[in-house]
Number of protein chains: 2
Amino acid sequence: MARTKSYDHFCAIARSLEIVGEKWTLLIVRDLLRGPQRFSDLRRFMGGITPKWLTNRLRELEAEGIVERDSVSGRREVWYRLTPKGRDLAPVLESLTIWGINHAMRPPEPGEALYPEVFLQGTTTYLNSRGLRLPSPSTWVFRFDAGSPVTIRFDGERWSATPGESEADLVGATTAADLLAFLMARVRDRAPLVAALHLEGSPEALAVFRTALVREPASSARLPRKSEPQSTR
Amino acid sequence: MARTKSYDHFCAIARSLEIVGEKWTLLIVRDLLRGPQRFSDLRRFMGGITPKWLTNRLRELEAEGIVERDSVSGRREVWYRLTPKGRDLAPVLESLTIWGINHAMRPPEPGEALYPEVFLQGTTTYLNSRGLRLPSPSTWVFRFDAGSPVTIRFDGERWSATPGESEADLVGATTAADLLAFLMARVRDRAPLVAALHLEGSPEALAVFRTALVREPASSARLPRKSEPQSTR
DNA sequence: CTGAATCCGACACGATACTG
DNA sequence: CAGTATCGTGTCGGATTCAG
């Protein structure tokens with residue numbers, strides 16, 4: 001990209017980083033992996049990016065053939081979407097997600113932007129990396145007090161999170177903070193946190209959810225126990 | 001890291017990039033993945049990094065628990081090596097390598113740093129991603145007019161490149177540029193480039209090499225043909 | 001209200017020289 | 001060999017403004 005971002009080094013990693021290694025670039029790709037987005041969607045999800053830099057990054061990504069602009073004729077909105085070259089960055093973002101969850105996560109700080117679309121995308125990536133499976137394909141929808149719903153799907157093989165609502169086996173109604181608290185807790189600490197998700201669905205679907213994600217405390221083990229700070233999903 | 005590198009965003013990717021997203025950081029990890037290195041080794045492989053920034057990055061990586069310093073007592077040398085947390089970054093570098101080879105590589109430019117250790121590391125990552133296999137485990141050593149030899153190994157499952165020399169089925173003696181020209185050529189254009197590798201080994205080992213990496217031109221197809229610029233390994 | 005452009009200050013980084 | 005020191009430039013954040 002810019003001259004100072006060049007490494008002058010014959011190496012695929014260096015070349016890749018010259019293209020996608022600048023600030024914000026990979027976060028833009030992360031958001032576009034969920035589907036096309038408008039300028040203001042991107043701006044919102046990105047927390048503090050200034051419009052100037054969002055514009056710059058989008059132009060650079062366009063010039064590199066990673067992003068395409070769609071202006072819907074008649075409307076003033078501009079939609080940005082990934083090209084196949086951009087979609088091929090998914091493994092990079094997945095490996096960064098897995099490393100981050102294993103080595104760099106801490107509970108959200110007060111002022112931090114917290115979007116279910118974003119952290120559920122990370123959650124499903126992590127579930128895939130851990131090989132968690134359900135006995136059968138399942139679809140769960142989470143609705144939030146503020147913000148759009150998200151659909152989590154296990155297709156029998158892999159997990160995915162997509163924005164919006166689909167026909168679901170299970171529907172939860174909660175807040176971003178409560179869902180995150182549930183996900184960041186160790187499986188054996190989750191039982192008291194399930195209630196806040198307000199899950200609704202068939203008894204079978206509820207059982208599938210709890211079996212996979214919650215370890216019920218043995219009733220004889222109700223004594224308070226030293227809890228480690230480290231979370232284990 | 002620095003305040004301006006913070007994203008204030010609850011997202012594993014953002015967190016990871018705050019730690020390893022600054023310039024040079026991932027290239028340092030790339031080099032340390034081949035094994036412990038001294039300050040000056042790192043400086044050499046990195047092309048143009050200034051000592052000040054190499055020091056900065058190493059200190060930050062140390063503070064993050066990604067790199068450890070080893071001062072051999074009595075000697076002035078300092079060896080840097082990865083911690084397990086640092087080694088866990090390997091998938092990130094592999095996915096960047098694969099994306100870069102598929103979407104961002106071009107022939108080396110005149111002034112560009114060109115190290116066999118580095119591009120053979122990328123080559124084996126790419127071979128693994130393509131699933132190329134040999135009929136049996138094999139070890140190939142390449143010696144260079146300038147620079148240290150590199151051992152390429154296929155263990156029956158995966159490829160790896162390690163610095164130094166081991167007992168080998170096949171030994172090549174060549175230059176970095178000639179080996180790179182061979183690797184970047186399409187399989188069907190490689191036959192005339194093999195000679196420059198000066199391979200020595202049993203006829204069986206040579207046959208394994210050529211079968212896997214070279215497509216011999218049919219003698220009836222010797223007519224010149226339009227060549228595409230795109231390389232296919 | 002969306003999708004930008006502009007000016008300014010902070011600091012990340014590069015180039016060069018020098019030290020224990 | 002393994003760093004420091006100094007100084008210039010480019011990248012980025014913050015605030016404001018502008019056009020459709």
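Predicted, not measured: the structure shown is a model, and the values here were computed from it. Every chain is numbered from 1 and lettered A, B, ... according to where its sequence line falls, protein lines coming before strand lines.
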Step-by-step side chain to side chain contact (heavy atoms under 4.5 Å, CB included) determination, A/Ile19 to B/Trp99: CA-CA 11 Å; A/Ile19 298 173; B/Trp99 189 84; 4.1 Å; yes

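- Atom CD in B/Glu22 sits roughly 20 Å away from atom P in D/dG10 (whole-Å rounding).
- If you measure from atom CG of B/Leu54 to atom P of D/dA5, you get 16 Å, rounded to the nearest angstrom.
- Picking from C/dC13, C/dA4, D/dC12 the nucleotide with the shortest atom distance to the side chain of A/Tyr80 gives C/dA4.
- For A/Trp79 and C/dT2, the CH2 to P distance is 12 Å, given to the nearest whole Å.
- Heavy-atom distances to DNA chain D give each of B/Thr50 and B/Phe39 a nearest nucleotide, and the one nearer the 5′ end belongs to B/Phe39.
- Within a 6.0 Å sphere centred on CZ of B/Arg143, heavy atoms belonging to other residues, nucleotides or ligands number 12 at most.
- Distance, B/Lys23 NZ to D/dT9 P: 17 Å, rounded to whole Å.
- In terms of modelled atom types and a separation under 3.5 Å, the side chain of A/Arg87 and the main chain of A/Leu33 share no donor-acceptor contact.
- A/Leu58 has its CG atom 10 Å from the P atom of C/dG3, to the nearest Å.
- Counting non-hydrogen atoms under 4.0 angstrom, A/Thr55 reaches the backbone sugars and phosphates but no base.
- Looking at residues two or more places apart in sequence or on another chain, you find a side chain to side chain contact (heavy atoms under 4.5 Å, CB included) between A/Leu193 and A/Phe182, A/Ala185.
- Rounded to an integer number of Å, the gap from A/Arg38 CZ to C/dA4 C1' is 15 Å.
- DNA chain C is contacted by both A/Val78 and B/Ile49; A/Val78 maps to the nucleotide lying nearer its 5′ end (nearest heavy atom per residue).
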Atom pairs, N/O to N/O, protein against nucleotides 17-20 of chain D, distance under 3.5 Å?
residue	atom	partner	partner atom	Å
D/dG20	N2	A/Arg76	NH1	2.7
D/dG20	N3	A/Arg76	NH1	3.1

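- Residue-level contact check: B/Ser40 touches the backbone only, with heavy atoms under 4.0 Å from sugar-phosphate atoms and none from bases.
- Counting only heavy atoms from C-beta on, A/Trp53 has its side chain closest to D/dG13 among D/dG3, C/dC13, D/dG13.
- Residue B/Arg69 places none of its side-chain N or O atoms closer than 4.0 Å to OP1 or OP2 of D/dA2.
- Rounded to whole angstrom, the span from the CD atom of B/Glu18 across to the C1' atom of D/dG13 amounts to 15 Å.
- Proximity of a side-chain donor or acceptor of A/Trp159 to a complementary backbone N or O of A/Leu132 within less than 3.5 Å is detected.
- Put simply, the residue from A/Glu68, A/Arg38, A/Arg69, A/Gln37 that forms a side-chain hydrogen bond (donor to acceptor under 3.5 Å, both in side chains) with A/Tyr80 is A/Arg69.
- Remark: B/Glu200 CD is loosely packed, at most 12 non-hydrogen atoms of other residues, nucleotides or ligands lying under 6.0 Å away.
- Summary of the strand contacts: B/Arg43 and A/Pro51 both lie near DNA chain C, and taking for each the nucleotide with the nearest heavy atom, the more 5' one is attributed to A/Pro51.
- Rounding to whole angstrom units, CG of residue B/Asp8 and P of D/dG14 are separated by 9 Å.
- Within the 3.5 Å criterion, the main-chain N or O of A/Phe45 finds no donor-acceptor partner in the side chain of A/Glu117.
- The nucleotide whose nearest atom lies closest to any side-chain atom of B/Glu77 is, among D/dG13, D/dG3, D/dA2, D/dA2.
- Here B/Trp24 reaches the OP1 or OP2 of C/dG14: one of its side-chain N or O atoms lies under 4.0 Å away.
- At the heavy-atom level, A/Arg44 lies nowhere under 4.0 Å from the strands shown.
- A donor-acceptor contact under 3.5 Å is not formed by the side chain of B/Lys52 with the base of D/dG3.
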